[in-house]
Structures are given as C-alpha cells and as structure tokens.
**Q** 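Okay, handing you the structure first.
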Amino acid sequence: MASGAPMISVKNLWKVFGANADKVVGSPLVELTRPELRAQTGNTIAVRDVSFDVAPGEVFVVMGLSGSGKSTLVRCMTRLIEPTQGSMTFEGEDILKVDNARLRELRKTRFSMVFQHFGLLPHRNVIDNIAYSLEINGVNKADRHKRANEVIELVGLQGYSHAYPEQLSGGMQQRVGLARALAVDPQVLFLDEPFSALDPLIRRDMQQEVIRLHHELGKTMVFITHDLSEAVKVGDRIAIMRDGAIVQIGTPEDLVANPADEYVANFVRDIAKSHVLTLKHLARKAKPGEDTDGPELAANTIIRDAAQVILQAHKPVRVNDNGKALGIVSSEDVLRLISGGA
C-alpha cells in the first residue's frame with residue numbers, strides 16, 4: 001500500500017433500498033436476514049456499514065459474488081447512487097455533502113469511471129469518442145484532439161483514430177473506454193467490472209494493460225470484480241464483500257495465507273499459493289546441520305519467481321528482509337507448498 005494520507009476514505013457507509021430506508025440503519029432491523037428484512041419492511045441492505053481507506057497510487061480491489069454489494073458500493077462512492085448514511089471523503093472533502101455543481105466538477109476533472117458496458121458513441125470515431133470527455137469540459141477541438149492522441153498512444157490504439165466502434169473488437173472498444181477516462185487526467189479511476197464481458201484471452205490482455213498503465217501513471221484505482229484471480233493480479237489490496245459487508249481486507253498474500261473465515265478460504269482455495277505468497281511466508285530457521293550458505297533472495301520475492309533459483313542451487317536460499325535475515329527456504333519447502341502441504 002502506498003504511504004501518506006488517504007486519497008479516499010469511506011466511513012460507515014450504508015445503502016438501504018426501499019421506503020423509509022434511513023429508519024432501518026441504527027435499528028434492530030439490521031440484524032435480520034435479507035429475506036426477513038424484505039418480508040417485514042420491503043427494504044434491502046445493499047451496503048452494510050462499510051469502512052476503508054485507499055492510499056494515493058493504490059489499486060484497491062473490491063470483490064465478491066453477484067449480489068454482494070460491490071457495484072452498489074462503487075456507485076455510492078461516485079454518487080451515481082445516493083448512500084443512505086455514512087461519509088466518503090476525497091482528499092479530505094466529503095463527496096456526500098457537496099452540491100450538484102461541485103459533484104459535476106469532480107466527475108469532469110478529478111475522477112473518471114470505466115464500466116463493463118463501454119458506452120461508446122456509435123456515430124463518433126475513436127478520437128472523438130476519447131475527446132468527448134474533454135469536449136464537455138469546454139476544451140477546444142485542437143487541444144482535445146492533441147490530448148486524445150496522447151492517450152491513444154498510451155493505451156495502444158495507434159492507427160485506430162478514425163475507426164468507428166462497430167469496427168473494433170470488444171477489447172479495442174474497452175481500450176477506447178479506458179482512454180476516454182484517462183483523457184481528463186483524473187486522480188482516481190473507478191473501474192466497475194470493466195473486463196467481465198470480454199473473452200478470456202482479451203480479458204487477460206486488458207488486465208495486463210491496467211497493470212502497465214498503473215505502473216506508468218501511478219493513478220489511484222478502485223477496481224470492482226467478481227473474479228479473484230483478476231483481483232490478485234491487479235490489486236495492491238483486496239476487500240472481499242458478502243451480503244453488503246466487508247469480510248476481510250488485505251494484500252493478496254494476506255488473504256491467501258490467512259483467510260479470515262471459511263467464506264474467504266473458499267474464495268482463495270483455487271489460487272496457486274506459489275503465485276501469490278512470498279519467501280517471507282516460507283522462511284524458517286535452519287535445522288541442525290542444514291546448509292545455510294546458499295544464494296540470498298529478498299523476502300518479498302514471489303515463490304514462483306524464486307523456485308528456479310532454489311531448485312538450481314541444490315541448497316536452501318537465505319531470505320533477507322531489508323538487511324534482516326529471516327531464515328532459509330529449501331526446495332522441499334517449495335515443493336510442499338506447491339503440493340498443498342503448506
């Protein structure tokens with residue numbers, strides 16, 4: 001997680017759908033199951049007392065199954081849906097208290113949204129679709145086309161400036177949507193299941209594109225997905241939701257190594273531990289007589305990336321965390337993890 005004061009801070013956020021929703025929060029009704037609450041009041045709690053911070057430059061992933069509340073949460077954060085209660089500050093300014101004029105200004109200049117459905121204008125070519133976000137901000141045509149061309153280069157759309165959406169594949173259309181969001185140079189990108197409609201191979205390419213863009217631009221991102229493998233790939237930290245509440249927040253390694261409960265454990269069960277965990281997780285004290293003169297690797301090295309070095313060394317590697325010796329990791333330790341024994 002990036003350091004410094006939070007870029008975004010969500011505190012005690014609730015969203016209750018139905019009449020008299022504000023009377024549900026803070027009452028004994030919140031203890032009812034969803035079916036019980038619907039039966040008694042007609043209300044549904046979609047987001048339940050959610051709190052978290054997002055640091056500048058962090059990719060914060062919110063994931064959960066369908067109906068867990070993740071998409072409602074991100075829409076509350078951008079006030080596409082009005083929350084029932086709570087606060088959401090952006091660089092210290094409570095977004096839930098600003099008037100409509102200020103909210104429009106923030107949406108135009110400070111944060112952008114990318115959705116599963118691309119929402120491209122079919123009668124406009126690529127460059128004018130991308131420039132549209134600048135056009136509504138009053139930028140003249142020459143300047144908005146100049147900026148559009150910059151982001152066309154950035155997202156790999158060279159040569160497609162004058163193509164129309166119907167001439168593009170789903171992956172290329174989503175690149176246009178991403179470029180349009182980047183055109184205003186926002187501080188935060190909200191991405192709501194942006195790749196779930198894409199074919200698996202194209203989806204993988206777009207995940208890599210987000211990772212590349214994050215490394216190049218350092219944008220703060222809130223990324224919504226139902227796919228844990230996608231969350232692990234793109235996220236610095238992951239919040240797992242169930243029934244509107246956050247069950248656990250942590251790095252991919254935290255979730256895989258220390259799931260908070262059986263629900264999280266079931267989520268992470270199919271994730272290859274060697275692709276997520278680092279040597280810090282496996283480092284142990286040497287046994288009596290065990291060789292401790294092997295090569296040295298950093299504690300934050302992913303086990304998959306370290307495996308070849310460990311296996312080729314024919315001796316345990318020494319694990320070092322910023323100058324502090326943590327212990328050793330042998331080929332047997334790695335094989336035990338891969339085979340499910342750790």
Side-chain angles (χ1 to χ4, degrees), residues 1-11 13 15 47 50-62 70-83 86-116 118-120 129-140 143-152 154-155 174-194 209-211 213-224 234-237 239:
M1 179 176 174
S3 60
M7 174 73 77
I8 297 168
S9 187
V10 175
K11 300 296 181 189
L13 197 70
K15 178 57 188 178
V47 176
V50 165
S51 298
F52 59 86
D53 292 338
V54 181
E58 181 179 17
V59 179
F60 187 87
V61 176
V62 181
K70 58 189 184 300
S71 288
T72 301
L73 172 61
V74 75
R75 282 166 167 76
C76 286
M77 291 174 71
T78 54
R79 279 185 60 187
L80 292 174
I81 294 174
E82 292 292 341
S87 68
M88 205 289 282
T89 59
F90 176 73
E91 293 190 314
E93 181 177 14
D94 193 341
I95 302 303
L96 307 186
K97 293 181 178 178
V98 301
D99 61 22
N100 288 334
R102 175 60 176 159
L103 183 61
R104 284 193 296 272
E105 181 184 352
L106 289 167
R107 287 175 177 167
K108 286 179 180 180
T109 61
R110 308 295 287 281
F111 50 78
S112 290
M113 292 159 278
V114 181
F115 298 102
Q116 174 182 342
F118 318 128
L120 303 182
N129 260 287
I130 294 170
Y132 180 70
S133 57
L134 297 168
E135 183 178 342
I136 61 176
N137 284 354
V139 179
N140 66 60
D143 287 342
R144 64 179 184 256
H145 274 200
K146 179 181 178 182
R147 175 58 181 164
N149 278 315
E150 290 172 359
V151 291
I152 281 171
L154 190 64
V155 303
Q174 191 58 295
R175 285 176 189 266
V176 177
L178 194 54
R180 182 176 57 193
L182 290 169
V184 296
D185 195 22
Q187 291 176 280
V188 178
L189 278 173
F190 293 96
L191 303 103
D192 187 8
E193 302 215 47
E209 192 68 14
V210 165
I211 294 168
L213 288 171
H214 179 248
H215 286 160
E216 288 188 15
L217 303 176
K219 298 291 184 187
T220 305
M221 299 184 186
V222 177
F223 193 106
I224 309 299
V234 305
D236 295 315
R237 287 189 304 148

**Q** Would the distance check show the side chain of Asn137 and the main-chain N or O of Lys108 forming a donor-acceptor pair, the cut-off being under 3.5 Å?
**A**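 Checked: pair present.
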
**Q** Which heavy atom of Arg180 sits nearest to which heavy atom of Asn129, and what is that distance?
**A**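 Heavy atoms only, the tightest pair is CD-O, 3.3 Å.
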
**Q** Of all the heavy-atom pairs spanning Ile130 and Ala179, show the shortest one and how long it is.
**A**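 Closest pair (atom of Ile130, atom of Ala179, distance): CD1-CB, 3.6 Å.
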
**Q** Any idea which heavy atoms bring Leu13 and Cys76 closest together, and the distance?
**A**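 Shortest heavy-atom contact: CD2-CB, 4.0 Å.
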
**Q** Restricting to non-hydrogen atoms, name the atom on Gly86 and the atom on Leu96 that form the minimum distance, rounded to 0.1 Å.
**A**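 Here Gly86 and Leu96 meet closest at O-CD1, 3.4 Å.
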
**Q** Any salt bridge linking Asp53 with Lys11? Criterion: basic side-chain nitrogen under 4.0 Å from a carboxylate oxygen.
**A**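 Judged by the 4.0 Å cut-off on N to carboxylate O distance, Asp53 and Lys11 do form a salt bridge.
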
**Q** Do the side chains of Pro194 and Gln174 get nearer than 4.5 Å, heavy atoms only?
**A**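 With C-beta onward as the side chain, the pair touches.
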
**Q** Taking atom CG of Leu182 and atom CG of Leu154, what is their separation to the nearest 0.5 Å?
**A**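 If I round to the nearest 0.5 Å, the distance is 6.0 Å.
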
**Q** What's the verdict on side-chain contact (heavy atoms from CB on, under 4.5 Å) for Phe52 and Val222, showing C-alpha distance, side-chain angles and the deciding distance?
**A** CA-CA 12 Å; Phe52 59 86; Val222 177; 5.7 Å; no

**Q** How many angstroms lie between OG in Ser71 and CG in Asp192, if you round to the nearest 0.5 Å?
**A**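 Rounded to the nearest 0.5 Å, the OG-CG separation comes to 3.5 Å.
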
**Q** How far does CE of Met113 sit from CD1 of Ile224, to the nearest 0.5 angstrom?
**A**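 Output value for this atom pair is 12.5 Å.
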
**Q** Do you know which two heavy atoms are closest between Lys219 and His214, and how far apart they sit?
**A**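 Scanning both residues, the minimum pair turns out to be O-CD2, 3.0 Å.
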
**Q** When you compare the side chain of Gln187 with that of Phe90, does any pair of heavy atoms fall below 4.5 Å?
**A**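 Side-chain contact under 4.5 Å: yes.
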
**Q** Tell me whether Arg144 contacts the main-chain N or O of Ala131 through its side chain, where contact means a donor paired with an acceptor under 3.5 Å.
**A**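 Pair absent, no side-chain N/O of Arg144 close to backbone of Ala131.
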
**Q** Between Val234 and Val61, is there a side-chain heavy-atom distance shorter than 4.5 Å?
**A**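 Yes, side chains in contact.
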
**Q** Are the side chains of Phe111 and Met7 in contact, using a 4.5 Å heavy-atom criterion?
**A**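 Counting from C-beta outward, Met7 and Phe111 never come under 4.5 Å.
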
**Q** Among Ile8, Leu106, Thr89, which one satisfies side-chain contact (heavy atoms from CB on, under 4.5 Å) with Ile95?
**A**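 So, applying the side-chain contact (heavy atoms from CB on, under 4.5 Å) to Ile95 and each of Ile8, Leu106, Thr89, only Leu106 qualifies.
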
**Q** Could you measure the distance from the CZ atom of Arg107 to the CZ atom of Arg79? Nearest 0.5 Å is fine.
**A**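 Answer rounded to 0.5 Å: 7.5 Å.
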
**Q** Roughly how far apart are Phe115 CZ and Leu80 CG, rounded to 0.5 Å?
**A**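 The CG atom of Leu80 is 5.0 Å from CZ of Phe115, to the nearest 0.5 Å.
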
**Q** Between Leu73 and Val62, what is the shortest heavy-atom contact and its length?
**A**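 Shortest heavy-atom separation between Leu73 and Val62 comes out as CD2-CG1, 4.0 Å.
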
**Q** Please check if the number of heavy atoms outside Tyr132 that lie under 6.0 Å from its OH is greater than 12.
**A**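 Incorrect, the count does not exceed 12.
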
**Q** Quick check for you: to the nearest 0.5 Å, what is the distance between Glu150 atom CD and His145 atom NE2?
**A**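 One gets 13.0 Å once the value is rounded to the nearest 0.5 Å.
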
**Q** Do Glu105 and Arg102 touch side chain to side chain, with heavy atoms closer than 4.5 Å?
**A**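 Yes; the side chains approach each other to less than 4.5 Å.
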
**Q** Apply the test side-chain contact (heavy atoms from CB on, under 4.5 Å) to residues Thr72 and Ile81: give CA-CA distance (whole Å), side-chain angles for both, the deciding distance (0.1 Å), then the verdict.
**A** CA-CA 7 Å; Thr72 301; Ile81 294 174; 4.3 Å; yes

**Q** So, do Leu213 and Leu178 sit near enough that their side-chain heavy atoms are less than 4.5 Å apart?
**A**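 They are in contact (side-chain heavy atoms under 4.5 Å apart), so the answer is yes.
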
**Q** Got Val139 and Arg147 here, is their nearest side-chain heavy-atom distance under 4.5 Å?
**A**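 No, too far: nothing below the 4.5 Å cut-off.
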
